Amino acid sequence: MILVTGATGNIGSALLKELHACGTGPLRGLTRDSSRAAFPEDVDVVEGDLAEPESLKPALDGVRSLFLVSRLGPDADILEAARLAGVEHVVLVSSITVQTHPHLGPAGENLAVERLLKESGMAWTILRPTQFASNTVMWAASIRARETVRAPYADTALPTVHPSDIASVARVALTESGHRGRTYALTGPELVSPRQQVQALAAALGRDIPFTEISRRQAHAQLAAVFGDEGAAAVLDITGADVNDELLAVRDTVSRVTGSPARTFGQWAAENVGTFR
Ligand SMILES: NC(=O)c1ccc[n+]([C@@H]2O[C@H](COP(=O)([O-])OP(=O)(O)OC[C@H]3O[C@@H](n4cnc5c(N)ncnc54)[C@H](OP(=O)(O)O)[C@@H]3O)[C@@H](O)[C@H]2O)c1
């Protein structure tokens with residue numbers, strides 16, 4: 001049995017679909033609210049809250065492989081619950097910031113989870129994705145309302161990754177041999193800036209989208225409401241103020257692991273155009 005956490009999210013929903021399509025055996029998806037989950041037929045839906053590891057017992061029953069999105073609860077307790085339940089292999093979603101910006105708070109937290117997993121006694125595969133294409137959903141309300149998209153660092157291009165590629169790598173790691181004890185830094189196939197992302201969304205929609213670059217101070221005020229002061233500063237550093245060669249590197253990990261080329265931002269935009277219409 002494979003348990004997919006974050007099963008209603010960007011990566012988890014794609015992963016469940018892929019695993020289901022491959023017929024890899026019994027599957028279970030975790031959500032806090034099963035009434036909102038639309039999983040493929042035959043996938044076992046289980047409610048549980050990563051913030052309350054005790055609630056995960058039913059979800060972990062009989063599970064041998066676990067796909068875990070990090071930092072949604074006390075990871076030490078979650079990993080211990082998984083070990084006690086007999087989980088043999090954990091595929092963990094961490095972040096590329098562990099290697100590009102180890103001094104930032106969120107990166108330090110991800111590194112701590114990676115270490116806990118490596119010391120857990122269970123087999124592990126660690127995925128370190130860069131910024132997700134799906135982060136642009138934060139512009140969807142403005143685009144739907146035909147308002148101007150406002151973003152900082154308009155021309156800072158990063159190798160944004162399609163969440164389905166993270167899912168594809170996770171599927172391979174969960175179901176094929178040779179991926180235990182490996183850490184994979186995952187990027188998309190090209191560098192893409194916020195201005196270019198808006199252009200790709202405009203092309204998918206078939207209409208112009210007005211765009212304005214805003215200052216770090218303006219962006220901080222918006223982001224702090226969601227991520228807090230430190231979190232907002234970290235987001236702005238890794239998306240523009242403090243990018244480095246390690247973060248800008250376009251990697252071939254997705255194609256090496258999956259055998260298929262990494263998907264472009266344009267593909268993501270075309271697949272998700274309905275969210276912006
Ligand atoms: N966005 C980026 O640029 C980026 C970059 C690097 C790494 N990451 C990592 O990627 C992961 C997010 O992946 P994603 O985009 O696929 O997720 P997402 O679309 O943001 O969805 C979040 C998922 O997590 C589940 N969830 C949230 N809180 C939970 C809780 N307390 N208990 C159980 N489930 C909970 C939600 O399930 P329900 O609501 O159904 O319960 C949902 O399925 C995080 O670990 C993040 O640190 C993100």
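Indexing begins at 1, ligand by ligand and atom by atom, following the structure's order. For clarity, every value in this text was computed on a predicted model and none was experimentally measured.
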Please list, by chain and number, the protein residues whose heavy atoms come under 4.0 Å of ligand 1.
Gly6, Ala7, Thr8, Gly9, Asn10, Ile11, Thr31, Arg32, Arg36, Gly48, Asp49, Leu50, Ala51, Val69, Ser70, Leu72, Val93, Ser94, Ser95, Pro129, Thr130, Gln131, Phe132, Asn135
Sequence neighbours excluded, the answer for salt bridge (charged side-chain N to carboxylate O under 4.0 Å, His left out) partners of Asp242 is none
Kindly state each residue pair satisfying ring-ring contact (aromatic ring centres under 6.0 Å, His included) with at least one member in residues 47-86, sequence neighbours excluded.
none
Does anything in residues 97-126 pair up under ring-ring contact (aromatic ring centres under 6.0 Å, His included), and if so which pairs, sequence neighbours excluded?
His101-His103
Do NZ/NE/NH1/NH2 and the carboxylate oxygens of Glu246 and Arg251 come within less than 4.0 Å?
yes
Testing the 3.5 Å rule here: is there a donor-acceptor pair between the side chains of Glu114 and Ser94?
yes
Picking from Leu174, Val90, Leu92, what satisfies side chain to side chain contact (heavy atoms under 4.5 Å, CB included) with Leu66?
Val90
